Amino acid sequence: MHNCSPGQVPMSKGDKLNKSQCPKNDIEKEDMKSKPYSRLVGSLMYAQVCTRPDLAFAVSMLARFQSNPGHEH
């Protein structure tokens, strides 16, 4: 590990995703319907499995909010 080069990670320490960031009213939910959230998470899952295992934690956190994603997610 001494010869490894440091790099950036997809989620920084302290980044929090929780239910309070989900849309709370119909206007916010309608706004999020136009975002391809599930498709994006699926593409990230493919990337993590095939080429980027370092994405696994971030993708698993994002996948938790597929049914009701917010802008922060």
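None of these values were measured; they are calculated from a predicted model.
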Under the rule for salt bridge (charged side-chain N to carboxylate O under 4.0 Å, His left out), what residues qualify as partners of Lys16, not counting sequence neighbours? none

Would you say CG of Asp26 has more than 12 non-hydrogen atoms from neighbouring residues, nucleotides or ligands within 6.0 angstrom? no

Determine, using the 4.5 Å side-chain heavy-atom cutoff (strictly less than), whether Leu40 and Leu62 are members of one ILVMFWY cluster. yes

Can you list everything that forms a salt bridge (charged side-chain N to carboxylate O under 4.0 Å, His left out) with Lys35? Sequence neighbours excluded, please. Asp31

Summary of salt bridge (charged side-chain N to carboxylate O under 4.0 Å, His left out) pairs that have at least one residue in residues 58-71, sequence neighbours excluded: none

Considering all heavy atoms of both residues, which atom of Pro23 and which atom of Glu28 are nearest to each other, and what is their separation? CA-OE1, 3.3 Å

Between Leu17 and Leu44, is there a shared hydrophobic cluster once you connect ILVMFWY residues whose side-chain heavy atoms come closer than 4.5 Å? yes

Given the rule that I, L, V, M, F, W and Y join up when any side-chain heavy atoms are under 4.5 Å apart, are Phe65 and Val59 in one cluster? yes

Set of side chain to side chain donor-acceptor pair (under 3.5 Å) partners for Ser20, sequence neighbours left out: Asn18

Set of residues satisfying side chain to side chain contact (heavy atoms under 4.5 Å, CB included) with respect to Phe57, sequence neighbours excluded: Met11, Ser60, Met61

Applying side chain to side chain contact (heavy atoms under 4.5 Å, CB included), name anything that partners Ala56, two or more places apart in sequence or on another chain. Gln48

